[in-house]
Participant: 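Sharing a structure here in structure tokens format.
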Amino acid sequence: MNTSRFMAAVWRGSSHIFRRAQLEPLSSAMVQRRLQSTQRVPAARLPNIVKVSAGKRYAWCACGHSQKQPFCDGAHKTKAPSISPLRFTPDRNRTVLLCACKETKNAPYCDGSHLKVIFRDVVKSVKGVFK
């Protein structure tokens with residue numbers, strides 16, 4: 001089966017997934033709960049390569065809402081008030097990989113946890129195709 005025929009078959013078989021959902025009115029309390037998050041949000045799937053300077057103080061975004069990834073811009077104050085940035089000072093000038101998936105156990109440095117996040121996303125998308 002060629003690619004275009006396969007994609008057409010998948011599209012026909014999964015057309016029920018793309019139907020529009022019925023929207024219900026939301027109360028202000030529901031909207032407020034959705035805006036504030038208590039969980040980290042992956043900013044990217046791969047780490048950021050950053051040059052850091054010795055003695056300079058950095059604030060690594062731990063919540064994932066910052067627009068200046070991997071550093072904090074204060075977005076956590078409104079979107080995730082329970083998650084504060086991690087402040088760190090490198091001991092020497094060097095290039096480092098700073099975590100962007102926010103799953104690292106060695107914050108703010110990448111420990112390869114993004115591979116689990118990528119795998120989880122792939123599994124979720126494959127399950128969605130076969131529903």
Side-chain angles (χ1 to χ4, degrees):
M1 180 181 285
N2 68 21
T3 307
S4 61
R5 291 178 72 194
F6 175 75
M7 292 305 292
V10 168
W11 181 259
R12 280 192 306 273
S14 62
S15 63
H16 67 279
I17 295 172
F18 300 106
R19 290 188 190 133
R20 290 186 177 227
Q22 296 295 326
L23 298 178
E24 298 175 12
L26 298 174
S27 68
S28 62
M30 290 175 73
V31 172
Q32 187 67 12
R33 270 188 253 131
R34 289 185 179 160
L35 289 177
Q36 291 185 349
S37 173
T38 58
Q39 295 181 347
R40 291 173 167 83
V41 177
R45 300 296 180 246
L46 297 174
N48 299 83
I49 301 170
V50 179
K51 290 183 181 181
V52 293
S53 302
K56 184 176 178 185
R57 193 164 184 206
Y58 295 93
W60 174 73
C61 173
C63 69
H65 294 286
S66 173
Q67 296 297 313
K68 295 182 178 181
Q69 289 294 330
F71 302 111
C72 180
D73 67 356
H76 66 278
K77 294 175 185 172
T78 56
K79 295 184 180 177
S82 63
I83 303 172
S84 58
L86 176 76
R87 291 174 173 78
F88 70 100
T89 307
D91 55 347
R92 59 188 171 127
N93 295 342
R94 59 184 175 160
T95 302
V96 294
L97 293 174
L98 295 182
C99 178
C101 73
K102 311 306 177 192
E103 297 288 330
T104 184
K105 303 292 185 240
N106 185 26
Y109 305 106
C110 177
D111 67 354
S113 297
H114 59 274
L115 297 174
K116 287 187 250 179
V117 174
I118 293 169
F119 180 75
R120 192 175 23 193
D121 290 345
V122 168
V123 168
K124 184 189 268 186
S125 66
V126 168
K127 283 184 179 179
V129 169
F130 292 106
K131 280 189 175 181

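All residue numbers refer to positions in the sequence shown, counting from 1.
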Participant: Under 4.5 Å between side-chain heavy atoms, hopping through other hydrophobics if needed: is there a path connecting V129 to V126?
Facilitator: yes
Participant: Evaluate the side-chain proximity of V52 to T95: yes if any heavy-atom separation is below 4.5 Å, no if none is.
Facilitator: no
Participant: Under the ring pair (Phe, Tyr, Trp, His ring centres under 6.0 Å) rule, what pairs show up with a residue in residues 96-131, not counting sequence neighbours?
Facilitator: F88-Y109
Participant: Is there a side-chain contact between R120 and E103 (heavy atoms, below 4.5 Å)?
Facilitator: yes
Participant: Tell me the closest heavy-atom pair linking V117 and R45, and the distance in Å.
Facilitator: CG1-CD, 3.8 Å
Participant: List in chain and number order the residues that pass salt bridge (charged side-chain N to carboxylate O under 4.0 Å, His left out) with R94, two or more places apart in sequence or in another chain; answer none if no residue qualifies.
Facilitator: none
Participant: S113: which residues meet the side chain to side chain donor-acceptor pair (under 3.5 Å) condition with it, sequence neighbours left out?
Facilitator: D111
Participant: With side chains defined as the heavy atoms from C-beta onward, is the minimum distance between R40 and P42 less than 4.5 Å?
Facilitator: no
Participant: May I ask you to list the residues sharing a hydrophobic cluster with I49, side-chain cutoff 4.5 Å, ordered by chain and number?
Facilitator: L97
Participant: Please list, chain by chain and in numerical order, all residues satisfying side-chain contact (heavy atoms from CB on, under 4.5 Å) with D73, sequence neighbours excluded.
Facilitator: S66, Q67, K68, A75
Participant: Less than 4.5 Å apart, side chain to side chain, heavy atoms only: is that true for P81 and H76?
Facilitator: no
Participant: About how many Å separate SG of C72 and CD1 of I83, when rounded to the nearest 0.5 Å?
Facilitator: 11.5 Å
Participant: How close do K102 and C61 get, counting heavy atoms only, and between which atoms?
Facilitator: NZ-O, 2.6 Å
Participant: Please report the closest heavy-atom contact between A100 and N48, naming both atoms and the distance.
Facilitator: CB-OD1, 3.2 Å
Participant: Please give me the minimum heavy-atom distance between A62 and S84, naming the atom from each residue.
Facilitator: CB-O, 3.5 Å
Participant: Which atom pair, heavy atoms only, marks the closest approach of C63 to A80?
Facilitator: CB-CB, 4.0 Å
Participant: Test: side-chain hydrogen bond (donor to acceptor under 3.5 Å, both in side chains). Region: residues 51-64. Which pairs qualify, not counting sequence neighbours?
Facilitator: none
Participant: Show the nearest heavy-atom pair for residues P70 and C99, with the distance to one decimal.
Facilitator: CB-O, 4.4 Å
Participant: Starting at CG of L46, measure out to CD1 of I118 and round the result to the nearest 0.5 Å.
Facilitator: 5.0 Å
